[in-house]
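Here the structure comes first, spelled out in structure tokens, and everything after it is commentary.
A, B, ... follow the sequence lines: proteins, then strands. Residue 1 opens every chain.
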Protein chains: 2
Amino acid sequence: MKRIKVSNNVIRRLPRYLRKLDELKASGVSRISSFNLGQQLGLTPSQIRQDFSCFGEFGQQGYGYNVSALRDEIASILGMDRGFKAILVGVGNIGHALMDNFCFSEWGFTLAAAFDIDPAIVGTTTNGVTVRSMDELLDYLAGNQIDVAVLTVPKEAASAVAKLLCDNGIRAIWNFTNVELTEPNSTTIVENIHFSDSLLSLGYYVAERYDEEAAHAARLERMEKAREQ
Amino acid sequence: MKRIKVSNNVIRRLPRYLRKLDELKASGVSRISSFNLGQQLGLTPSQIRQDFSCFGEFGQQGYGYNVSALRDEIASILGMDRGFKAILVGVGNIGHALMDNFCFSEWGFTLAAAFDIDPAIVGTTTNGVTVRSMDELLDYLAGNQIDVAVLTVPKEAASAVAKLLCDNGIRAIWNFTNVELTEPNSTTIVENIHFSDSLLSLGYYVAERYDEEAAHAARLERMEKAREQ
DNA sequence: TTCATTCTGTTATAATTATAACATATGGGG
DNA sequence: CCCCATATGTTATAATTATAACAGAATGAA
């Protein structure tokens with residue numbers, strides 16, 4: 001049983017470990033040290049060992065970690081072997097793209113159903129999942145054990161739909177709408193994909209880079225002027 | 001001129017501030033205190049004041065912050081007024097969905113061009129942007145000042161295309177492929193959108209929730225048994 | 001105008017997170 | 001079988017990040 005609280009920073013590194021381990025496994029590497037893994041991920045060996053030690057002792061002194069076994073441990077920690085069930089609400093552009101393109105099963109999830117309010121969309125099938133009417137949502141939730149709702153409705157509807165979902169037993173929301181879902185039941189788990197937030201932080205670093213270059217150029221120019229005198 | 005290095009945590013909160021301030025502005029709120037803003041975002045007033053103080057003095061003692069002015073300051077810090085130019089490489093499912101749906105201009109960016117390797121896609125137009133052949137990429141980069149590349153190629157191609165972009169002047173990559181881009185030039189700015197990482201960390205918290213509930217149920221059962229004796 | 005109240009910017013403190021150090025266990029070579 | 005090199009798990013230390021405390025400026029009511 002888990003005892004100590006594991007920090008969110010650690011949790012967010014786990015999927016990266018998983019990805020790298022899958023890659024190593026695919027390329028035939030069967031053992032790896034924290035030092036080597038750290039180099040490949042840009043992390044210190046200390047951090048890697050401490051991250052893993054939150055969950056148990058997965059390595060062997062003098063040998064390192066077994067890639068395949070470690071991969072499976074992390075997959076299990078992340079719940080990939082629990083068969084979580086998801087529904088998708090809002091089959092617009094992004095919702096449809098997710099249904100069409102994102103492989104839920106690759107990550108241990110099942111996309112069990114999708115819902116939309118638009119009669120023109122209801123009844124269409126993508127990747128084996130047929131879109132149902134929002135009218136069926138509550139009945140469906142009552143009759144099926146669903147873990148996660150993928151929220152891809154227009155942002156105007158986001159808050160209301162999120163509340164509806166939480167009030168009817170959904171405990172985790174994968175939020176693709178560009179709004180803060182602080183309102184729903186405080187026990188609800190919310191994970192955001194905020195495209196614009198991501199692009200804007202990128203923008204900050206690009207701007208910083210330009211400023212640094214401009215400052216550098218100005219410095220050179222001053223030196224040039226000083227030399228002329 | 002910026003002097004002290006601002007932490008990444010602070011930068012990642014800026015877009016959230018921006019979003020909330022836009023929302024407040026839209027609903028007619030013209031002034032706000034750090035206390036009030038903190039409540040709405042789930043942050044402490046201290047943290048908010050310290051975040052802002054990294055960039056200047058935007059508030060007024062005894063009054064608070066002017067919503068509109070603060071919003072513009074943050075937008076400027078994030079580079080929204082610099083007219084950054086982006087290209088998109090790889091017009092598959094997600095690439096096309098971004099072109100179709102994501103409003104670059106809303107965040108101060110211009111999507112100047114898109115590229116794909118598939119002749120069936122080259123020449124098509126989405127949202128005013130016509131897809132060009134990858135053969136034109138290098139010439140285009142040489143002839144145009146581009147700041148950001150949106151990387152939406154299949155993951156097998158990701159590393160190679162990223163390297164190509166970096167070697168030809170691109171200094172920032174908005175990476176939608178499910179690979180770590182640690183390889184490219186170390187000076188390149190990389191911002192990742194890893195759908196699977198996001199879903200997996202959500203999975204961790206869902207699993208944790210289930211474990212806690214199971215532990216709680218077990219505790220209740222033990223108490224029940226103890227009472228029976 | 002005066003004064004209590006509000007609320008900032010900043011400094012000080014606490015808490016968290018990452019890094020380094022170390023003691024110990026394992027594997028493999030001679 | 002013994003010993004060295006390797007590499008873990010853990011404890012100790014450093015660095016970072018968040019929170020709290022505070023001094024002072026502006027507001028608004030009387």
Side-chain angles (χ1 to χ4, degrees), chain A residues 2-17 20-21 24 29-74 77 182 201 204-205, chain B residues 2-17 20-21 24 29-74 77 182 201 204-205:
Chain A
K2 267 174 228 140
R3 282 266 146 261
I4 58 146
K5 168 82 183 157
V6 178
S7 104
N8 187 42
N9 291 12
V10 176
I11 304 309
R12 302 212 159 264
R13 279 190 291 269
L14 294 181
R16 292 184 60 207
Y17 293 137
K20 179 53 79 176
L21 289 166
L24 288 167
V29 178
S30 66
R31 70 184 257 197
I32 193 158
S33 67
S34 59
F35 183 85
N36 194 334
L37 187 58
Q39 278 196 318
Q40 299 197 39
L41 287 167
L43 304 171
T44 64
S46 277
Q47 182 161 66
I48 288 179
R49 292 203 298 276
Q50 209 161 54
D51 282 356
F52 294 163
S53 76
C54 295
F55 304 100
E57 306 189 1
F58 303 143
Q60 203 172 6
Q61 291 181 339
Y63 177 88
Y65 299 91
N66 178 297
V67 168
S68 181
L70 180 58
R71 185 261 172 218
D72 290 346
E73 288 285 358
I74 293 176
I77 293 165
T182 42
S201 17
Y204 172 84
Y205 289 109
Chain B
K2 270 174 226 140
R3 281 265 147 262
I4 57 145
K5 167 83 184 159
V6 178
S7 103
N8 187 41
N9 291 12
V10 176
I11 304 309
R12 303 213 156 261
R13 280 190 291 269
L14 294 180
R16 292 184 60 206
Y17 293 137
K20 178 54 77 177
L21 290 166
L24 288 167
V29 179
S30 67
R31 70 183 257 197
I32 194 158
S33 67
S34 58
F35 182 85
N36 195 333
L37 188 56
Q39 277 195 320
Q40 299 197 39
L41 287 167
L43 303 171
T44 63
S46 277
Q47 182 161 67
I48 289 179
R49 292 204 298 277
Q50 208 161 55
D51 282 357
F52 294 164
S53 76
C54 294
F55 304 101
E57 307 190 1
F58 304 143
Q60 203 171 3
Q61 291 180 339
Y63 176 89
Y65 299 90
N66 178 297
V67 169
S68 181
L70 180 57
R71 184 263 172 218
D72 290 346
E73 288 284 358
I74 293 175
I77 292 165
T182 42
S201 20
Y204 172 84
Y205 288 108

Here the distance between atom C1' of dA25(C) and atom CZ of Phe58(A), to the nearest Å, is 19 Å
Are Ile48(A) and Tyr17(A) side-chain neighbours, meaning at least one heavy-atom pair lies under 4.5 Å?
yes
Would a distance-only check, ignoring hydrogens and angles, find a side-chain to backbone donor-acceptor pair under 3.5 Å from Arg13(B) to Asp51(B)?
no
Could you state the atom-to-atom distance from CZ of Phe35(A) to C1' of dT19(C) in whole Å?
14 Å
Counting C-beta onward and ignoring hydrogens, is there a side-chain heavy-atom pair between Tyr204(B) and Val6(A) closer than 4.5 Å?
yes
Atom-to-atom span, CG of Asp51(B) to C1' of dT19(D) - whole angstrom
12 Å
Take atom CG of Asn36(A) and atom P of dA7(D), then tell me their distance rounded to the nearest Å.
9 Å
Flag the pair Tyr205(B) / Asn8(A) as yes when at least one side-chain heavy-atom distance between them is below 4.5 Å, and no otherwise.
yes
Any side-chain N or O of Thr44(B) below 4.0 angstrom from OP1/OP2 of dT19(D)?
yes
Using a cut-off of 4.0 Å between protein heavy atoms and nucleotide atoms, how would you tag nucleotides 21-30 of chain D 5' to 3' with B, S and -?
B--BBSSS--
Taking the side chain as everything from C-beta on, heavy atoms only, tell me whether Phe52(B) gets closer than 4.5 Å to Ile77(B).
no
Backbone N or O of Leu41(A) within a donor-acceptor pair of the Arg16(A) side chain at under 3.5 Å?
yes
For Tyr63(B), does its backbone N or O pair with a side-chain atom of Arg31(B) as donor and acceptor, under 3.5 Å?
yes
Pairs under 3.5 angstrom, nitrogen or oxygen only, protein versus nucleotides 12-17 of chain C, please.
from	atom 1	to	atom 2	distance (Å)
dT17(C)	O3'	Asn9(A)	ND2	3.3

For Ile48(A) and dA20(C), give me the distance from atom CD1 to atom C1', rounded to whole Å.
15 Å
Side-chain heavy atoms of Ser53(A) within contact of Gln50(A), under 4.5 Å
yes
May I ask you to say what Tyr65(B) touches in the nucleic acid, namely base, sugar-phosphate or nothing, with a heavy-atom cut-off under 4.0 Å?
sugar-phosphate
